[in-house]
Amino acid sequence: MVATPGRAATASGAVALRVIPVAFLAIFFLWPVAALVRRAITVRNPDDSIGALIDRTHAWHLLGVTLAQAGASTLLALVVAFPIVWLYARMPGAGSVVLTVIVTVPFVLPTVVVGVAFRALLSGPLGGLGVGDGWNAVLAAHAFLNVAVVVRVVGAAWRSLDTRAEEAARTLGASRSRAWWTVVAPRLLPALGGAATLVFLFCSTSFGVIIILGDGALRTLETEIYTQAVGYFRIPEAVLLSMLQIVVVVAVLVCSRVFSDTGSSSGSARAGRRPPPIGGLTWLAVIGAWAWTLVLLVGPILVLAIRSVRPSVGGQWTLDGYRAMSVPVNGVTPLATLRYSLTTALLAMVIAVVVGLLAGLALHRSRGVAGVIGNGLAMIPLGISAVTLGFGYLIVLAALPPEVAASPLVIPCVQALIAIPVVVRIVIPALEAVPQRLREAAAVLGASPLRVFATVDLPLIGRSVGAAGGFAFVMALGEFGATSFLARADTTTLPVMIGSALNRPGATELATAMAASMVLVLVTTGAVLLVEFLRPRTGTLI
């Protein structure tokens, strides 16, 4: 049989869908990791066995600490998020949009900003608790960061549940609480498990929060990778810890996939269900849940805003921190750093949307083992150590020509790598929601695959793609770990500048860090508002 031009074009298009995302992943993920492993092998002392490296780095102890703090952070996030999940499932209309923005902003804030906010909170209004820094501060910051994951995953599942089974249980004499525990709760378990695995993943690879709130005394796999690689330049030790962390990430992603498959096969949801009306004493619970939400999620940001104009507790009110943003530091002003951050984040957003959309299309059309493997590979950059990647990039760039290593595309591509998994997670459900009959009708009328996508798929998923772009922008804007390895005086991003300012003594440096953090909060909030405007009114973005 002779292949027709149409079939040849379709085949070449299908290959292109896979080649571009795979090439991007190979260059910006597999290459630096492979270079890091190769460097570790070449510089390793032949007398050093794996066991000796494990003993020297206290790897098993660090693994235990990392898993323990991630587990405790996950449990705390689930507990503190429950009232907000309940509110999210019941809140209609504009109230739901406002709640979603309040919940989402902490999740997409740069971790360095969250660390600054909690340092201001625990040394200011909550200074009497004696927490200050340490594991309690880290766990609280992790819960603050990850409430959005629990709310948007579990709350969306709860909101879409078919209420007929619960109503039947009430008709048969079950109390409201018994009907919830016996009918609703079991159907939320897959979503709860999926949310817990994501929170665990993010907390197990946390870096900025632990560095800022740990005061140099707390050690996890992530922070020890940085210490071994940058502090002592012990490459074999750093690579060993990185490989151990990758094993943890892959295991957590497999668990997340299991919960996702369980949840998708439950078949007990009705998309777009209206929340039940609020009446009677329920209003008291709603008011209490709103108060809890504002204290938990808005309180730390409000304290940060106050500290940005009053840097020291009991000190004078001043705008010196904001004025200092126009004063050069190492020849570059913080305002110039902000402009550079916005430029690179916009470029990273474009790269992430293009590559993520192609990856989403390829995974949407993949079935069986290829689809499972592809989904796993697409998600790995979301949880991989930013420190590992950053050090791998240093090794790779050192071997490249100077004009390539100094390319303005390096940092945006690194930032895009972190955002691509989120774009994929948003795009795939949107593609699955497009009626297949519309594609088939367009194909029957003679439209090529590219034209089918442009005229059928793209208009229907356009809002989802826009929302994905918004998330990619804020994630790129806040990326700290890998970018801190690549930043130079003229390519420093605002999160890296904030981290550097916190490490320098002086009230002026602290005021500048607080002011710059508030600027990032405002930019991030604006981006989240845009995402909420663009996103479809059903489903979840996480």
Side-chain angles (χ1 to χ4, degrees), residues 73 76-77 80-81 84 101-149 199 202-203 206-215 218 292-313 315 317 321-322 324-325 334 338 341 474-475 477-481 493-504 507 509-528:
S73 297
L76 183 60
V80 301
I84 310 175
V101 172
I102 292 175
V103 165
T104 306
V105 166
F107 176 70
V108 296
L109 278 178
T111 55
V112 65
V113 172
V114 174
V116 172
F118 270 79
R119 176 183 282 189
L121 177 68
L122 297 173
S123 64
L126 300 183
L129 298 178
V131 176
D133 49 36
W135 285 120
N136 290 332
V138 169
L139 297 185
H142 282 169
F144 171 82
L145 273 168
N146 292 292
V147 160
V149 178
V199 174
F202 297 143
C203 294
S206 176
F207 178 66
V209 166
I210 296 177
I211 287 292
I212 293 175
L213 296 179
D215 200 24
L218 303 184
W292 175 254
T293 303
L294 295 176
V295 169
L296 185 71
L297 300 181
V298 179
I301 296 176
L302 182 61
V303 171
L304 176 63
I306 295 173
R307 290 292 295 273
S308 71
V309 293
R310 196 184 190 188
S312 58
V313 178
W317 299 87
Y322 291 94
M325 293 192 67
L338 173 61
S341 296
V474 293
M475 292 185 72
L477 184 66
E479 207 287 318
F480 175 70
T493 61
L494 203 56
V496 175
M497 189 222 75
I498 293 171
S500 300
L502 289 175
N503 291 327
R504 293 194 295 267
E509 299 292 345
L510 178 60
T512 304
M514 297 287 184
S517 297
M518 273 309 302
V519 170
L520 280 179
V521 168
L522 295 175
V523 174
T524 300
T525 303
V528 171

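Given the structure is predicted, the values throughout are model-derived calculations rather than measurements. Numbers for residues simply follow the sequence, beginning at 1.
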Could you walk me through whether Val113 and Leu304 pass side-chain contact (heavy atoms from CB on, under 4.5 Å), step by step? CA-CA 9 Å; Val113 172; Leu304 176 63; 4.0 Å; yes
Decide yes or no on side-chain contact (heavy atoms from CB on, under 4.5 Å) for Phe118 and Val138, but give the supporting numbers first. CA-CA 9 Å; Phe118 270 79; Val138 169; over 6 Å; no
Note, Ile84 side chain near Ile102 side chain (heavy atom, < 4.5 Å): no
Partners passing side chain to side chain donor-acceptor pair (under 3.5 Å) against Thr524 (at least two apart in sequence or in another chain): none
Can you name the nearest heavy-atom pair linking Ser73 to Leu139, along with the distance? OG-CD2, 3.0 Å
Partner residues of Thr293 under the side chain to side chain donor-acceptor pair (under 3.5 Å) criterion, sequence neighbours left out: none
NE2 on His142 to CH2 on Trp135, rounded to 0.5 Å: 8.0 Å
Check: Trp292 side chain, Val80 main-chain N or O, donor-acceptor pair, under 3.5 Å: yes
Would Thr512 and Met497 count as a side-chain contact (heavy atoms from CB on, under 4.5 Å) if you check the C-alpha gap in whole Å, the side-chain angles of each, and the deciding distance to 0.1 Å? CA-CA 10 Å; Thr512 304; Met497 189 222 75; 4.3 Å; yes
List the residues meeting ring-ring contact (aromatic ring centres under 6.0 Å, His included) with Phe207, not counting sequence neighbours, and say none if there are none. Tyr226
Do Leu145 and Pro106 have side-chain heavy atoms sitting under 4.5 Å apart? no
Taking atom CZ of Phe144 and atom CG of Leu76, what is their separation to the nearest 0.5 Å? 13.0 Å
Where do Thr493 and Glu479 land on the side-chain contact (heavy atoms from CB on, under 4.5 Å) test, with the steps shown first? CA-CA 9 Å; Thr493 61; Glu479 207 287 318; over 6 Å; no
Give the minimum heavy-atom separation between Ser341 and Pro495, together with the two atoms involved. OG-CD, 4.5 Å
With rounding to the nearest 0.5 angstrom, report the CZ to CG distance, Phe107 to Asn146. 6.5 Å
Between Ser206 and Cys203 (side chain of the first, backbone of the second, donor and acceptor by atom type, cut-off under 3.5 Å), is there such a pair? no
Any chance you could measure Leu213, atom CG, to Asn136, atom CG, to the nearest 0.5 Å? 11.0 Å
Looking only at non-hydrogen atoms, find the nearest pair between Ala120 and Met514 and report the distance. CB-CE, 3.9 Å
Report the residue from Thr104, Ile301, Leu520 that forms a side chain to side chain contact (heavy atoms under 4.5 Å, CB included) with Leu109. Ile301
In Å, rounded to the nearest 0.5 Å, how long is the span from CE of Met518 to OG1 of Thr525? 7.5 Å
Is there a donor-acceptor pair closer than 3.5 Å between any side-chain N or O of Arg119 and the backbone N or O of Ile212? yes
